[in-house]
Novice: 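Sharing a structure below in structure tokens format, with a few things to ask.
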Protein chains: 2
Amino acid sequence: MIKPVTIKDLARQLNISISTVSRALRNANDINPDTKETVLKLARELEYEPNFIAQSLVKKQTRIIGVVVPLINSNYFSEALSGMTDLAIEQNYHLMICQSNERVDLENKSIRKLVACNINGLLISVSKDTKSPEVIREAQNKNIPVVMFDRIIPEVSCTKVIVDEYEGAYKAVEHLIRKGCKKIAHIGGPRDLSVSKKRKQGYLDALRDYKIEDDPKLIIHCKSFEEDASNAIRKVLAESPDAIFCINDLTAIMAIQYARKKGFSIPGDIRIVGFNNDPVSGVVQPALTTVMQPGYEVGKLAMGVLIDEIEKKTAKHKLFTLRTRLVTRLSSR
Amino acid sequence: MIKPVTIKDLARQLNISISTVSRALRNANDINPDTKETVLKLARELEYEPNFIAQSLVKKQTRIIGVVVPLINSNYFSEALSGMTDLAIEQNYHLMICQSNERVDLENKSIRKLVACNINGLLISVSKDTKSPEVIREAQNKNIPVVMFDRIIPEVSCTKVIVDEYEGAYKAVEHLIRKGCKKIAHIGGPRDLSVSKKRKQGYLDALRDYKIEDDPKLIIHCKSFEEDASNAIRKVLAESPDAIFCINDLTAIMAIQYARKKGFSIPGDIRIVGFNNDPVSGVVQPALTTVMQPGYEVGKLAMGVLIDEIEKKTAKHKLFTLRTRLVTRLSSR
DNA sequence: GGGAACTCCGGTAACGTTGCCGGGATTTTT
DNA sequence: AAAAATCCCGGCAACGTTACCGGAGTTCCC
């Protein structure tokens, strides 16, 4: 085991004081250029690397950013994480990533641990059940800038980065209307989830703006995302719509398959649109029109504004909304 | 700005010494149970959290584990990361995750940064082009245990965790043979990638074991994964096989779609099997038979053996091989 | 009842680094 | 030529924690 070289070692070998070595390495101004040179030379020779931990302790600056997401293994979140890490390494920050597995207790535990690690910033997307954000506030009280993304809650006052799901839904429905659809059904998600509400509102507003009466029989909520989607699809199909706007891609794909089995042609008889732009949507037959959420960009932006707050020491508590993009494919042409 | 609570604060408030507080919190044995209780009580009240950085400095143990993957945003790797973080937080370790984006320079940069952070262990899945592992060896020379997973290279001597792709491929082809297929084609990946080689070998050995002559015309390599898959599919289909074993699910799905367009029925005329068990494979029509790789378990195991090496200070340089599972669906029934 | 063992606590020195202060030596200014 | 400014450097304290040592007080045992 080779012990790492420290500034003490350099000082001893050069017969100068520790402070002088430190100044030489830090490129401070009250240092003789010659001594600086000799110090740097020896440092290179011995392959000196500053001890990050020691620096962090005294400077109270770790350049570590904590990230908490409900689940790493999801297309959207892993995209966001990807964007974050790319920007972080570029800006010389380090990431500590935790997942809450949608459990509030694990979420709090993770945040506490991250704070104990002296993180300089916190990036968080809360779990489904997080209502009371005390632990997050604790972090803020310790002067740690916090940025929430995607899964945000109003109880915390901080900068937030989200995707404009309302607009995404609106665009999707508008697209169907322009294709000539008049009887557009909607298969929604759990009634009280903010995601469901926003997407449904976009649907309703698009109909209204184009003077199409909304029909309660054409709107079905699924209690859970996967569970009774097939039931919902059956019911909706009985109303013989000419288009279906689905809460997500999985539901849309199930709808396509069910409709085809019943002899409908897609998009000939019924046009179908999903949401998320999962990798699946490009390879199913027919390829699915869907709403792309810029996960990578969300991650990058969230990281960007967080670093800004860390370095400028200003918490603006702004809301950033990224726009979605409608990806039109065969299922709605 | 509220300054974090330290053991000094606890000591002052209780009128006892810092060392006593430290002992009480560390649950040492030469401490009065009563004083220990009062200390713990106050610690809970003031929400004391030990300062990780300070602990790391004195104990020369950061409990930080560095992870480098080619890409976070992939189903397999994000599953592995998920397994790693779950085990890490359970064992009170922290993760620093970097992605190399398949670039050797970024990979090296990431490793160097992680080492400078005094990581206690390194978990790495190398990029496609990584041939010379000097930077990894540097880490090993600094006594940092290294565990490679999935994308391993023989040049580095360390513990490795992989999935038995050979066996997965063998099982897939064996399954096709048992279904009565005699003319089984293979669409492979880049010729020199270890993944491609292993899967092809499993294919070849299964044929041999069942006394089926392999036919070079039925084997096609795609130079890149996505690029010329469609070309390969066209060529292979011209040989009119009764089954195709594809290097991954995406290729398999493309094969299904192309074959159907040409009037073949799946699985009636041609049976098709993929590899990976991407979420896609369950929803395409027909649902795709594929080989499941236990990403989550790979991550958990890799993290487990790494922690073991860190704590037991023994590098066994073993090879762990996890088994795959054949997921049979409609495309091969 | 006196030495031995045990219990429990405080003081001090580290870990590797930075920041501040003071001061000697040199240079500049008046 | 004296005063002032500048240039460099060393010493010391700190960051929050742990490890080690010594010692006061209590209990134990013959």
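These numbers were taken from a predicted model, which means no experiment stands behind them. So that the names make sense, note that chain A is the first sequence line, chain B the second, and so on, each numbered from 1.
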Novice: If I take atom NZ in residue A:Lys142 and atom P in nucleotide D:dG16, what distance separates them, rounded to the nearest angstrom?
Specialist: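 In whole Å, D:dG16 P and A:Lys142 NZ are 13 Å from each other.
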Novice: Does A:Lys36 have a side-chain nitrogen or oxygen under 4.0 Å from the phosphate oxygens OP1 or OP2 of D:dC8?
Specialist: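 No, A:Lys36 has no side-chain N/O under 4.0 Å of OP1/OP2 on D:dC8.
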Novice: Report which part of the nucleic acid B:Leu57 touches: base, sugar-phosphate, or nothing (heavy-atom distance under 4.0 Å, all strands).
Specialist: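 Contact class for B:Leu57: base.
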Novice: Given D:dG16, is OP1 or OP2 found less than 4.0 Å from the side-chain N or O atoms of B:Gln55?
Specialist: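 It does not, given that no N or O in the side chain of B:Gln55 lies less than 4.0 Å from OP1 or OP2 of D:dG16.
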Novice: Using a heavy-atom cut-off of 4.0 Å across all strands, would you classify B:Thr35 as base, sugar-phosphate, or nothing?
Specialist: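 Sugar-phosphate contact only.
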Novice: How do B:Pro33 and B:Val58 order along DNA chain C: which one's closest nucleotide is nearer the 5' end?
Specialist: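 Upstream on the strand: B:Pro33.
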Novice: Contact class for B:Asn32 vs. all strands (heavy atom < 4.0 Å): base, sugar-phosphate, or nothing?
Specialist: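 B:Asn32: backbone/sugar contact only, no base atoms under 4.0 Å.
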Novice: Students often get this wrong, so: under 4.0 angstrom with heavy atoms, is B:Arg26 touching a base, only sugar-phosphate, or nothing?
Specialist: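 The answer is sugar-phosphate, as B:Arg26 gets under 4.0 Å only of primed atoms, P, OP1 or OP2.
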Novice: If you look at every strand shown and take non-hydrogen atoms under 4.0 Å, does A:Ile53 touch a base, only sugar-phosphate, or nothing?
Specialist: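 Nothing, no heavy atom under 4.0 Å.
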Novice: Under 3.5 Å, is there a donor-acceptor pair between the A:Asp86 and A:Tyr296 side chains?
Specialist: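 Short answer, yes.
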Novice: Could you give the NZ-to-C1' distance, from B:Lys59 to D:dA19, as a whole number of Å?
Specialist: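 The answer, rounded to whole Å, is 11 Å.
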Novice: Got a salt bridge between A:Glu45 and A:Lys41, using NZ or NE/NH1/NH2 to carboxylate O under 4.0 Å?
Specialist: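 Answer for the salt bridge query: yes.
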Novice: Counting distance alone, no hydrogens or angles: does the base of D:dG11 have a donor or acceptor under 3.5 Å from a partner atom on the side chain of A:Ser19?
Specialist: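 Side chain to base: pair present.
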Novice: Would you mind reading off the distance between B:Asp30 atom CG and D:dC20 atom C1', rounded to a whole angstrom?
Specialist: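 One finds 11 Å between C1' of D:dC20 and CG of B:Asp30, rounded.
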Novice: Exactly one of A:Ile97, A:Ile307, A:Val147 should register a side-chain contact (heavy atoms from CB on, under 4.5 Å) with A:Ile65. Which one does?
Specialist: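 Among A:Ile97, A:Ile307, A:Val147, the one that satisfies the side-chain contact (heavy atoms from CB on, under 4.5 Å) with A:Ile65 is A:Ile307.
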Novice: Side chains of B:Lys113 and A:Asn92: any donor to acceptor distance under 3.5 Å?
Specialist: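 B:Lys113 and A:Asn92 do have a side-chain donor-acceptor pair below 3.5 Å.
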Novice: To the nearest Å, how far apart are B:Lys60 NZ and D:dT17 C1'?
Specialist: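 My rounded result for the distance is 15 Å.
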Novice: Considering just the side-chain nitrogens and oxygens of B:Ser22, establish if one lies under 4.0 Å of OP1 or OP2 belonging to D:dT17.
Specialist: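 Negative; the distance criterion is not met.
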Novice: Over all strands shown, is B:Phe52 touching base, sugar-phosphate only, or nothing at heavy-atom distances under 4.0 angstrom?
Specialist: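 No contact.
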Novice: Taking NZ, NE, NH1 and NH2 as the nitrogens, is one of them in A:Arg151 or A:Glu102 under 4.0 Å from a carboxylate oxygen of the other?
Specialist: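 Yes, charged N to carboxylate O under 4.0 Å.
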Novice: Atom CG of A:Leu14 and atom C1' of D:dC8: how far apart are they, to the nearest Å?
Specialist: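 The distance from CG of A:Leu14 to C1' of D:dC8 comes to 16 Å, rounded to the nearest Å.
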Novice: Do A:Leu40 and A:Leu25 come close enough that some side-chain heavy atom pair is under 4.5 Å?
Specialist: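 Yes, their side chains come closer than 4.5 Å.
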Novice: May I have the distance from A:Ile18 (atom CD1) to D:dA14 (atom C1'), rounded to whole angstrom?
Specialist: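 So the CD1-C1' distance, A:Ile18 to D:dA14, works out to 14 Å.
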Novice: Using a 4.0 Å cut-off to any heavy atom of chain B, which nucleotides of DNA chain C are the first and last in contact, reading 5' to 3'?
Specialist: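 So the contact region on DNA chain C extends C:dC8 to C:dG16.
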Novice: What integer distance in Å separates A:Asn15:CG from D:dG11:P?
Specialist: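 So the CG-P distance, A:Asn15 to D:dG11, works out to 11 Å.
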Novice: For B:Tyr48 and B:Asp9, which I'm curious about, is there any donor-acceptor pair between the side chains at under 3.5 Å?
Specialist: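 Not at all, the side chains of B:Tyr48 and B:Asp9 share no donor-acceptor pair under 3.5 Å.
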Novice: Taking all atoms of both residues into account, what is the closest heavy-atom pair of A:Ile72 and A:Ser78, and its distance?
Specialist: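 Here A:Ile72 and A:Ser78 meet closest at O-CB, 3.5 Å.
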Novice: Can you measure B:Arg23 atom CZ to D:dC21 atom P for me and round it to whole angstrom units?
Specialist: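 After rounding, the reported distance stands at 14 Å.
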